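Everything quoted here is computed from the prediction, not taken from an experiment. A note on names: the letters A, B, ... follow the listed sequences, proteins ahead of strands, and every chain is numbered from 1.
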Amino acid sequence: MMEPLKAVVHLSMNRMIRSRRTVMMALLALLPVAPALFAVVFVSLRQSIGTTGFALATDLFQALYLNFVLLAITLFFGTSLIGDELDDKTITYLFVRPIPRATIYLGKFLSGVLIASLLIVPSAILTFAILSTLDPASEVVSHLSIFARDILILLLGTLVYCALYGFFGAFFKHPLLVGIIFTLVWESVITYIPGYIHRFTVLHYLQSLLPHASGQRGIQELFGQPTSPFVSVITLILIGGAFLGLSCWTVARKEYVLPS
Amino acid sequence: MTGAVLECRGLSRWYGQVIGINDVNLDLAPGVTGLLGPNGAGKSTLLKLITGQIKPSRGTVSLHGQTVWDNPDVMRRLGFCPEQDALYENLTGLSFVASLARLNGYSRAEARERALKAIGKVDLLDAKDKKVGGYSKGMRQRIKLAQALVHEPEVLILDEPLAGMDPLARRSTIRLIREIAADGGTVIVSSHILHEVEAMTRSILLVHHGRIVAEGNVHEIRDLIDEHPHRIFLGTPEIRRVAEALVKWDDVQGIRVDDEGLVVETIRPDAFYSRLPGLVLEHNFKVESMISADDNLQAVFDYLVK
């Protein structure tokens, strides 16, 4: 199974790396770098920003990386895992090879996760590095473990959201539309509804893993208490595994009829 | 056991209310079999069923007794050249074929070696390092054929493989298909153009409205076709020069100027096809495409099913 899987990953990566979508997503991933640069320039002009570089980094992490960059990039990559092959009518080349369809999907999923991670994580590191120049070196070192945990949260989020949006891509005819509605309505709005319903969002468990009390969680903190890190990690792994399994099952059974 | 490589039994497939293929029974043995029918007859649906891209609504399709759908053992023995003009545009010809060869389980080095061999068979070695997005229509057809050949399959299924090829490429592709069959391979070629199929095989299946309406020798169909003039479109920027040369041929009954070329009417298409490359080379004409605009096949089918 490993050799065919590696071959699918190789082919998919080859294709994705050169696509316009990846270029657009790379630009989107770099969006949080702009406010970080702005803050550094502001300080260099002897203006006070009224906070530390680390505090600003944690705010950017939650406001932009977790709530926007992660969702947007995994949405576009996840829904297109199968969709791109269908739109370009190239899926035929994959389905007439001696590889189980589930393995083909798994390979495409891994390549999607890999590319999305390669866009999101370096951007987060760059933002952290830029903002760290505002703090004393000794403080930066003490914040490294917190930052490393942030990166692990991003990686876990990439895995789970790619599995979720990948399922949309495998199951629905218009996955991007479904994904956008899901993201805007479920993942965003539900999080702010009082009660326990927010526990049915992926974002809730990712936010529960945040190591820093950001003070910027605002209205959300009024409505819901975080889940313990252990339960959050287990829940996220289960959600990701369930949707990945469902996607493999769907691709193995579903007919993808291309128009003649 | 019938000794057939590929068997279809009561094979039907419909899309909602629309019938794609209806109650098809087939036994295909080694050699070339031409699948002939007008556009929309059900040829592509039949090929999609045979290659396991879609599931039958009723009946079975099997290769050496094994069902086709999501069956890696079957796929290992099968090569497919799809009709649609779809490729991984950003890859070079070599990486396109080699990447797909790796999906057949070959190591990187072996996949590359096999890809080079397959690309050589379709005469594209000169363009192997160019991106397929920059290939002409004929080159795209040939690289599609190369990916189908790369693992030397026992059964080769080609959906309209000659579409868009120039005359020389058509000739070499036809020769290649015949060689594969001569080596013991089973080849199924779909086309809506009788003369293309006839150049490859005598054994044909006529598909119309989702049914096999006739099968066997091509001669009888040929006789019916030849009662009608055959129309061929030649895409060329040198419309006047080419027309002047063609009008001298006895078998050319008429020439009509189209937007980007000529539509030639001939009563002996075989003779026309075999003489045209010589004419092009002799006068150094620039002929960019050649398409059979023949709709007489439809008339023959109408005659057959009445």
Checklist entry - Side chains of A:Glu85 and B:Tyr88: closer than 4.5 Å at any heavy-atom pair? => result yes
Next on the checklist: Listing request: all salt bridge (charged side-chain N to carboxylate O under 4.0 Å, His left out) pairs with a residue in residues 112-124 of chain A, at least two apart in sequence or in separate chains.
Outcome noted: none
Checklist entry - Where along residues 107-115 of chain A does a heavy atom come under 4.5 Å of chain B, listed by residue number? => result none
Next on the checklist: Let me confirm one number: the CG-CG distance from B:Leu103 to A:Leu5, rounded to the nearest 0.5 Å.
Outcome noted: 10.5 Å
Checklist entry - Can you find a pair of side-chain heavy atoms, one from B:Arg108 and one from A:Lys6, that are under 4.5 Å apart? => result no
Checklist entry - What residues of residues 236-253 of chain A sit under 4.5 Å from chain B when only non-hydrogen atoms are counted? => result A:Ala252, A:Arg253
Checklist entry - Hey, is CZ on A:Phe38 packed in by over 12 heavy atoms from elsewhere, all under 6.0 Å? => result no
Checklist entry - Within residues 112-120 of chain B, which positions have a heavy-atom distance to chain A below 4.5 Å? => result none
Next on the checklist: Quick check on the interface: out of B:Gly40, B:Gly79, B:Pro82, who has the most heavy-atom pairs with chain A under 4.5 Å?
Outcome noted: B:Pro82
Next on the checklist: Let me confirm one number: the CG-OG1 distance from B:Leu100 to A:Thr90, rounded to the nearest 0.5 Å.
Outcome noted: 9.5 Å
Item to check | Exam field: side chain A:Asn14 to backbone B:Leu91, donor-acceptor pair closer than 3.5 Å | outcome: no
Checklist entry - Counting only heavy atoms not in A:Arg21, do more than 12 sit closer than 6.0 Å to its CZ atom? => result yes
Item to check | Structural part of B:Arg77 lying under 4.5 Å from a heavy atom of chain A | outcome: neither
Checklist outcome for this item: Checking B:Asn71, B:Asn104, B:Asp73 against A:Pro98 for side chain to side chain contact (heavy atoms under 4.5 Å, CB included), the one that qualifies is B:Asn104
Next on the checklist: What's the separation between atom NZ in A:Lys254 and atom NZ in B:Lys55, rounded to the nearest 0.5 Å?
Outcome noted: 11.0 Å
Checklist entry - In terms of heavy-atom proximity below 4.5 Å to chain B, should A:Tyr93 be classed as side chain, backbone, both, or neither? => result both
Checklist entry - If you measure from CD1 on A:Ile99 to CZ on B:Arg102, what distance do you get to the nearest 0.5 Å? => result 10.0 Å
Checklist entry - Is the closest side-chain heavy-atom distance between A:Thr92 and B:Gln53 below 4.5 Å? => result yes
Item to check | More than 12 heavy atoms from other groups under 6.0 Å of CZ on A:Phe200 | outcome: no
Next on the checklist: Looking at B:His64, I'd like to know if its NE2 atom is crowded, meaning that more than 12 non-hydrogen atoms belonging to other residues, nucleotides or ligands lie closer than 6.0 Å.
Outcome noted: yes
Next on the checklist: Testing the basics here: between A:Leu11 and B:Ser99, what is the closest heavy-atom pair and its distance to 0.1 Å?
Outcome noted: CD1-CB, 3.5 Å
Next on the checklist: Please classify the contact of B:Leu87 with chain A as side chain, backbone, both or neither, using a heavy-atom distance under 4.5 Å.
Outcome noted: both
Checklist entry - So, are B:Lys48 and A:Glu255 salt-bridged, with charged N and O less than 4.0 Å apart? => result no
Item to check | Heavy atoms of other groups near A:Phe171 CZ, more than 12 under 6.0 Å | outcome: no
